[in-house]
Amino acid sequence: MRRVLNIAETGSRSLSYVLGGGVIALAIAVGMTSQGPDAIAEWTLEVFGVTFITLFSGLIFATVYCWTRLSDTTLSDKQRSVWLEAGLHGANGVSTLALTYTLLGISLGIGTLSEQELTPATVQTVISQLTDHFSLAFMTTVVGLPTSAALRALVLISHSRLDAQKEDASCVS
């Protein structure tokens, strides 16, 4: 029972961190673009799609969950090592997802270009479809790689801080 409560508590804290980070990111986007939250949410859904947003959010939550477990000072070194590895894999998963969607967007764009006849009458339509797919390709990289780097830094710096605190405590006693 205690283990289930611990998982629920960590999940709740992790969800709070992720949702809080999402609100801060939305506030920054509103400040930078001077568009309302509804317009930004609509643009995000249109450019990234439901699948990417779902997988991206899931990997961020998984990494933050590992980071939250890693911060538990009652864990042994071996237990913390497991959460460190899991957190790093989650963060690396974000960059893998971003690069996969980049390649998907480029492939879809090239596929669109190869399937249609290019005439003066169809050029505008073909270019419009091509830029839609390339927009997906490049925006997933623009968002995914910095997010992955930030998550890796969060996990590794927290792990190093805990190691330093533990070493300081052992020197004092």
Side-chain angles (χ1 to χ4, degrees), residues 10-11 13-71 83-161:
T10 304
R13 284 181 43 209
S14 302
L15 185 61
S16 297
Y17 292 140
V18 170
L19 292 176
V23 168
I24 291 171
L26 182 61
I28 290 171
V30 167
M32 291 177 64
T33 63
S34 70
Q35 293 189 6
D38 292 345
I40 291 173
E42 185 177 318
W43 176 85
T44 302
L45 193 60
E46 181 181 317
V47 171
F48 294 108
V50 173
T51 307
F52 178 80
I53 293 171
T54 302
L55 293 172
F56 186 74
S57 300
L59 286 169
I60 289 174
F61 177 78
T63 305
V64 170
Y65 183 87
C66 293
W67 172 72
T68 305
R69 291 291 298 158
L70 181 69
S71 301
W83 290 111
L84 171 67
E85 288 294 326
L88 289 176
H89 280 286
N92 289 336
V94 171
S95 64
T96 301
L97 179 70
L99 293 175
T100 300
Y101 268 77
T102 299
L103 294 175
L104 175 67
I106 292 171
S107 298
L108 291 174
I110 291 172
T112 301
L113 191 61
S114 69
E115 291 174 357
Q116 296 185 4
E117 186 177 330
L118 202 55
T119 65
T122 62
V123 164
Q124 191 66 28
T125 306
V126 171
I127 289 176
S128 174
Q129 292 174 347
L130 188 67
T131 55
D132 280 347
H133 293 304
F134 283 0
S135 175
L136 166 74
F138 296 120
M139 287 306 292
T140 55
T141 300
V142 165
V143 171
L145 292 184
T147 302
S148 174
L151 290 171
R152 272 195 304 270
L154 177 71
V155 170
L156 285 173
I157 291 170
S158 295
H159 179 71
S160 296
R161 180 182 56 85

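If you take CG on L154 and NE2 on H159, they are separated by 13.5 Å, rounding to the nearest 0.5 Å. Rounding to the nearest 0.5 Å gives a distance of 11.5 Å between CG of L19 and CD1 of I24. From L136, atom CG reaches atom OG1 of T131 across 12.0 Å, with rounding to the nearest 0.5 Å. Note that CG of L113 and CZ of F134 are 7.5 Å apart. Values are rounded to the nearest 0.5 Å. Atom CG of L59 is separated from atom NE2 of H89 by 12.5 Å, given to the nearest 0.5 angstrom. Taking CG from L88 and CG from L156, the interatomic distance works out to 4.5 Å, rounded to the nearest 0.5 Å.
What you find for Y65 and G11 is that their closest heavy atoms are CE1-N, 3.6 Å. In terms of heavy atoms, M139 sits closest to W43 at CE-CH2, 3.4 Å. Of all the heavy atoms in V155 and L70, the pair that sits closest is O-CD2, 3.6 Å. Contact between C66 and A86 at its shortest, heavy atoms only, is SG-CB, 3.5 Å. Among all heavy-atom pairs drawn from V143 and P146, the shortest one is O-CD, 3.7 Å. Minimum heavy-atom separation, V123 to L118: CG2-CD1, 4.0 Å.
Between the side chain of S57 and the main chain of T54, no donor-acceptor pair closer than 3.5 Å is present. With hydrogens and angles ignored, the 3.5 Å screen pairs a side-chain donor or acceptor of S95 with a backbone N or O of N92. T102 places no side-chain N or O within donor-acceptor distance of the main-chain N or O of F138, the cut-off being under 3.5 Å. For the pair S128 (side chain) and Q124 (backbone), a donor-acceptor distance under 3.5 Å is absent.
The aromatic rings of F56 and F52 lie parallel to each other, their planes meeting at an angle below 30°, with 60° marking the opposite boundary.
Every residue meeting the side-chain contact (heavy atoms from CB on, under 4.5 Å) condition with T51, not counting sequence neighbours, appears here in chain and number order: L55, Y101.
Counting only N and O atoms by type, the side chains of T122 and T125 include no donor and acceptor under 3.5 Å apart.
Counting only heavy atoms from C-beta outward, the side chains of L104 and L108 approach each other to under 4.5 Å. Counting heavy atoms from C-beta on, the side chains of T140 and L97 never come closer than 4.5 Å.
Sequence neighbours left out, the pairs with a member in residues 13-40 that pass side chain to side chain donor-acceptor pair (under 3.5 Å) are S14-T68.
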